[in-house]
Amino acid sequence: MEAGDPIADLIAATARSDRAAFRALYSAASAKLFGVALRILRDRSEAEDAVQEVFTRVWLNARRFDAGRGRGMTWLIAIARNHAIDRLRARPAGIEAAGEDETARLADAAPGPEAQSVARGEARRIADCFDLLEPARAEAVRGAYLNGLSYLDLSRRHGVPVNTIRSWLRRGLQKLKECLEA
Amino acid sequence: MSDPTGHMPEREALAAEYVLGTLPLEERLTAEALIEGDPGFAAMVADWQNRLAPLNDAYAEVPPPADMLDRIEARLFPAPERLRRTGWIWGALTGAALAVLALVTLLPPPVPLTATLTGEGQALAVAASFDAGKGELTVVRAAGPAAGPGRDYELWLIPAGEAPVSIGLVRDSELKIPVADLPAGTTLAITLEPEGGSPTGIATGPLLVAAVIGGA
């Protein structure tokens, strides 16, 4: 286990209904979670709603966080991604976010994992494993994860049937898993 | 976990795809139900979250609006005195108090509306979801203690500007109530009442938690 996870400590304190810890958690994580919501939803006001809902869930579900299962920030980002993607999928078909505003574009501008955290072993490991995938498959996995693309989006983008994309990405995930566990 | 042909078992593939985020909504909801009910599946999801977590570095930090923490706290922790001062539930819900009750985030139809009923200093949280297609409201205690011996949590539906209507008691199991419509501005609220509910049909006990249905 990696030592030191201040975010996990704040989540644990939040689970004890410690409001000061909840505020500290908000200070530490809100910009990241807003970046996640903005990148997936591409609509500033919807991303604001999503982040409010995410912190509401964090307050209510903090006791379900298990520090033995992963890092605090990973848990928070999972909540934010899941909520944002659920909202995205619930949009009526054909409605793309109208306002790809400045902030939403900004959310894309971050460096990739390789560039940003070469020092972190886990990040390097997954980068190495991505390198073993065909570039198109690696890019599809990354794009789907970061932007919340659906199989339908990917199928349109690549001009292949949904089922083809699906089994192609599943094989990519399987290879990643084997590589990460090797 | 992989079989000799190199394919993941279907359940693990579902866990991986849920984390990847590519599934359509119905399959995402299936996965979310499995996470709640099946610890083995929940563990697979957690493993995939950890595997793909290094990708999270690519999300930029973007400062949210300055007043967002206030909005979240207003939603989670409505001002206590205002809620306690009046005995009658509608009084408690009017004016300033109404503005600070939990807002609700909602997915457009046909996806069920979901709301979390919360209150100041209350461990109790009640989850509500409304399926407009079926005309059914499902309510379940999500967190906090049971009402206790000789008492019940009573659920009230309060159309905007109208008197509360009792629609059921929230006990240990999921409560399903036929409700034709749940327009924006409708309030759902829980009061603590004698076992069996308020004998008069008007709330007598303290208002514990509430949520106002937001615009879809």
Side-chain angles (χ1 to χ4, degrees), chain A residues 19 23 26 30-32 34-36 38-39 48-53 55-56 59-60 69-71 73-74 77-78 81 85-87 89-92 103 106-107 109-113 116-117 120 122-123 126-127 141-142 144-146 148-152 154 169-170 173-174 176-178 180, chain B residues 1-2 6-8 12-13 16-26 28-29 32 43 45-65 68-69 71-73 75-77 102-111 116 118 121 123 125 127 142-143 214:
Chain A
R19 284 204 209 167
R23 287 174 158 252
Y26 179 87
S30 57
K32 186 74 171 181
F34 190 48
V36 169
L38 211 45
R39 178 147 180 187
E48 289 178 17
D49 286 352
V51 168
Q52 289 190 62
E53 177 65 24
F55 275 96
T56 302
W59 174 259
L60 293 172
R69 279 239 181 118
R71 298 184 65 81
M73 189 55 102
T74 302
I77 290 175
R81 282 187 70 247
I85 292 170
D86 284 346
R87 291 180 81 114
R89 294 286 173 275
R91 281 184 189 158
T103 337
L106 186 76
Q116 205 175 47
S117 52
R120 285 172 48 195
E122 52 175 341
I126 198 167
V141 169
R142 209 189 314 257
Y145 183 89
L146 292 173
L149 299 179
S150 67
Y151 282 131
L152 199 58
L154 289 163
L169 273 185
R170 277 187 173 193
L173 290 167
Q174 170 71 25
L176 270 183
K177 183 186 174 193
E178 284 165 5
L180 287 168
Chain B
M1 290 293 281
S2 53
H7 289 101
M8 282 185 278
E12 166 144 33
E17 291 176 304
Y18 177 73
V19 174
L20 186 62
T22 42
L23 296 171
L25 189 62
E26 308 80 69
R28 287 187 61 77
L29 296 177
E32 283 165 12
V45 168
D47 286 344
W48 274 102
Q49 279 167 5
N50 289 329
R51 283 185 198 114
L52 297 179
L55 292 174
N56 291 335
D57 287 352
Y59 285 116
E61 298 203 1
V62 182
M68 187 178 289
L69 179 59
R71 283 191 262 157
I72 293 166
E73 291 196 311
R75 167 181 179 165
L76 283 171
F77 319 122
L103 282 182
V104 184
T105 293
L106 310 191
L107 306 169
V111 172
T116 308
T118 55

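Protein chains get the first letters and strands the later ones, always in sequence-line order, with residue 1 at the start of each.
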Nearest heavy-atom neighbours spanning [X] and [Y]:
X: Lys32(A); Y: Tyr59(B); result: NZ-O, 2.7 Å
X: Tyr26(A); Y: Pro65(B); result: OH-O, 4.3 Å
X: Asn50(B); Y: Gly70(A); result: OD1-CA, 3.7 Å
X: Phe55(A); Y: Ile72(B); result: CB-CD1, 3.8 Å
X: Pro54(B); Y: Ile126(A); result: CB-CG2, 3.3 Å

> What part of Val45(B) lies closer than 4.5 angstrom to a heavy atom of chain A: side chain, backbone, both or neither?
Replying inline: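 Contact with chain A: none, neither part.
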>> Need one label for Ala16(B): side chain, backbone, both or neither, based on atoms under 4.5 Å from any heavy atom in chain A.
In response: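 Contact with chain A is through both the backbone and side chain of Ala16(B).
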Could you state the interatomic distance from [atom1] ([X]) to [atom2] ([Y]), rounded to the nearest 0.5 Å?
X: Arg87(A); Y: Leu25(B); atom1: CZ; atom2: CG; value: 12.5 Å
X: Trp59(A); Y: Thr118(B); atom1: CH2; atom2: OG1; value: 11.0 Å
X: Asn56(B); Y: Arg71(A); atom1: CG; atom2: CZ; value: 12.0 Å
X: Leu149(A); Y: Thr22(B); atom1: CG; atom2: OG1; value: 9.5 Å
X: Leu154(A); Y: Leu20(B); atom1: CG; atom2: CG; value: 8.0 Å
X: Leu55(B); Y: Leu146(A); atom1: CG; atom2: CG; value: 5.5 Å

> So which of Ala142(B), Gly21(B), Ala46(B), Ala143(B) has the biggest tally of heavy-atom pairs under 4.5 Å with chain A?
Replying inline: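 Top option by heavy-atom pairs under 4.5 Å: Gly21(B).
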>> For chain A, which candidate among Arg71(B), Gln49(B), Arg51(B) shows the most heavy-atom pairs at distances under 4.5 Å?
In response: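 The candidate making the most pairs under 4.5 Å is Arg51(B).
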> Under a 4.5 Å cut-off applied to non-hydrogen side-chain atoms, are Met68(B) and Ser30(A) in contact?
Replying inline: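 No, every pair of side-chain atoms sits at 4.5 Å or beyond.
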> Looking at side-chain heavy atoms only, is the closest gap between Leu173(A) and Trp48(B) below 4.5 Å?
Replying inline: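 Result yes, sub-4.5 Å side-chain heavy-atom pair found.
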> By ring pair (Phe, Tyr, Trp, His ring centres under 6.0 Å), which residues pair with Tyr18(B), not counting sequence neighbours?
Replying inline: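 Expected list: none.
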>> Please determine whether a side-chain nitrogen of the Lys or Arg among Glu73(B) and Arg19(A) lies less than 4.0 Å from a carboxylate oxygen of the Asp or Glu.
In response: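 Looking at Glu73(B) and Arg19(A), the cut-off is not met.
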> Side chain, backbone, both or neither: which part of Leu169(A) has a non-hydrogen atom closer than 4.5 Å to chain B?
Replying inline: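 Just its side chain gets close to chain B.
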> Given that the side chain runs from C-beta out, which part of Ile77(A) has a heavy atom under 4.5 Å from chain B: side chain, backbone, both or neither?
Replying inline: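 Only the side chain of Ile77(A) comes within 4.5 Å of chain B.
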>> Going by side chain to side chain contact (heavy atoms under 4.5 Å, CB included), name the residues that satisfy it together with Thr56(A), two or more places apart in sequence or in a different chain.
In response: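 Thr56(A) satisfies side chain to side chain contact (heavy atoms under 4.5 Å, CB included) with Leu60(A), Arg75(B), Leu76(B) once adjacent residues are dropped.
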> So which of Leu180(A), Thr74(A), Val36(A) has the biggest tally of heavy-atom pairs under 4.5 Å with chain B?
Replying inline: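 Ranked by contacts with chain B, first place is Val36(A).
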>> side-chain hydrogen bond (donor to acceptor under 3.5 Å, both in side chains), that's the test. Do Glu17(B) and Tyr151(A) meet it? Break it down for me.
In response: CA-CA 10 Å; Glu17(B) 291 176 304; Tyr151(A) 282 131; 2.4 Å; yes
> Is the backbone N or O of Arg28(B) less than 3.5 Å from a side-chain atom of Arg89(A), with the two atoms forming a donor-acceptor pair by type?
Replying inline: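 Such a contact is absent between Arg89(A) side chain and Arg28(B) backbone.
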